[in-house]
Amino acid sequence: MKKEKIAVAYSGGLDTSVIVKWLQEKYDADVITVTGDLGQQKELVGVAEKAYKTGAKKVYIQDLKKEFVEEYIFPALKAGALYEHIYPMATALGRPLLAKALVEVARREKCTAVAHGCTGKGNDQVRFEVTVMALAPELKVLAPLRTWEFKSREDEIAYCEKHGIPVSATKKNPYSIDENIWGTAIECGILEDPMVEPPQDAYQRTVSPEDAPDKATYVTIEFKEGVPVGLNGKKMDSVSIIEKLNEIAGANGVGRMDLVENRLVGIKSREVYEAPAAVTLHFAHRELERLTLDKEVFHYKVKLADDYATIIYNGLWFSPLKQALDGFINVTQKNVTGLVKVRMYKGNLTVGGRTSPYSLYDTKLATYTVEDTFDHSASEGFIKIYGLGLKTFYRVNGSKGRKAVKLLRRKK
Ligand code: ARG
């Protein structure tokens, strides 16, 4: 029989390290690790060495930051996609890209299967596997965490010690953390009680609003067709803009969220998120849309944002519906170009100003001064007709109408 060759989505953490060894033992497989750099704060140095030490035959480490930002984050930003109106979906957006990278390596290396380190009760397993099903239906997917014998972290550590797998020296974090350039998700430990306020040590990349500067910080963000292209008057590349905003907004206590959310698999989970750049960019982008989109498109888009977010959250990034919605969203973004000045102060964002060459705000129509050009007399006829249906309804069913109905009943 041909030897199994498995590509593993590898983070270098405990679970995926155990997976690398476990697959070799269990399937007598050659294991190739694939690690994607999505701009996680945790350094990726040492990850390759660790993978080789754990027995990997070949190691891939790929810088996916630019692709992540431009092909995954920006479409979600343009759509205004926030799951359950809050979560900017750093994790949910990262999974399809990691799965795609994994599939590409698996094809190149002629692997017989791919494997991931997601648990059996989360969304990530769904996102990974559905993406593989879409992009490489011929590939087998293995999810060792759903089937293996280890019951606890201690079991896994014991397995590592037995096999000489380097367990990182860092002391056990009380939380489970997933992070990338678009944000950090923090769960487990004391956070599992939704009545407990997240302790300060849960936060990884934002200062508490109380400790933020006493003076407001202003940032001017330049957008072109719905995506950020510059900060404070300077053109910048997409990745640098997000990195810089994470820094500035994080230092102002912006971007903390505490959410009891509905997982796809039917569980409610309590998640703490930090996404300073994501929260700032969604805020600024929406402000620019208020200025540049016509009323109908703006309202329609708000409704669509919810659906678009759910598609991403539920792992359907590569679905035809998502693609079709992108067509609509991209058309709406043609005029979302301009500047938004954002004021950050102790965790809060307010608008310091906005401007666009495509602004639909017309001072001559809006003003209450002598400059006013609005035809006030036209409102009279408009209101007469606009309110006609309501007027008719109350003529029939209003106080007079109701009395008439009562009289009729009595006569019977
Ligand atoms: N609940 C969030 C989501 O489903 C975050 C998941 C975090 N994942 C993790 N492996 N810790 O997108």
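Values below: all heavy atoms of this structure, side chains included; hydrogens, waters and symmetry mates excluded. All residue numbers refer to positions in the sequence shown, counting from 1. Order of listing sets the numbers, starting from 1, for every ligand and every atom in it.
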Between E287 and K341, does any side-chain N to carboxylate O distance fall below 4.0 Å?
no
Ionic contact status for E138 with R107, cut-off 4.0 Å
yes
Could you list, one pair per line, each nitrogen or oxygen of ligand 1 together with any protein nitrogen or oxygen closer than 3.5 Å, giving atom names and the distance rounded to 0.1 Å?
| from | atom 1 | to | atom 2 | distance (Å) |
| --- | --- | --- | --- | --- |
| ligand 1 | 1 (N) | E261 | OE2 | 2.6 |
| ligand 1 | 1 (N) | E271 | OE2 | 2.9 |
| ligand 1 | 1 (N) | Y273 | OH | 3.2 |
| ligand 1 | 4 (O) | N123 | ND2 | 2.8 |
| ligand 1 | 4 (O) | R127 | NH1 | 3.1 |
| ligand 1 | 4 (O) | R127 | NH2 | 3.0 |
| ligand 1 | 8 (N) | D124 | OD2 | 3.2 |
| ligand 1 | 10 (N) | D124 | OD2 | 3.3 |
| ligand 1 | 11 (N) | E187 | OE2 | 3.0 |
| ligand 1 | 12 (O) | Y87 | OH | 2.6 |
| ligand 1 | 12 (O) | R127 | NH1 | 2.9 |
| ligand 1 | 12 (O) | R127 | NH2 | 3.0 |

State which residues pass side-chain hydrogen bond (donor to acceptor under 3.5 Å, both in side chains) with E261; sequence neighbours excluded, sorted by chain then number.
Y273, Y313
Which residue pairs pass the salt bridge (charged side-chain N to carboxylate O under 4.0 Å, His left out) test with at least one member in residues 109-119, sequence neighbours excluded?
K5-E109, K58-E109
Could you name each residue pair satisfying salt bridge (charged side-chain N to carboxylate O under 4.0 Å, His left out) that touches residues 201-212, not counting sequence neighbours?
none
Hey, are T16 and S11 close enough side-chain-wise for a donor-acceptor pair under 3.5 Å?
yes
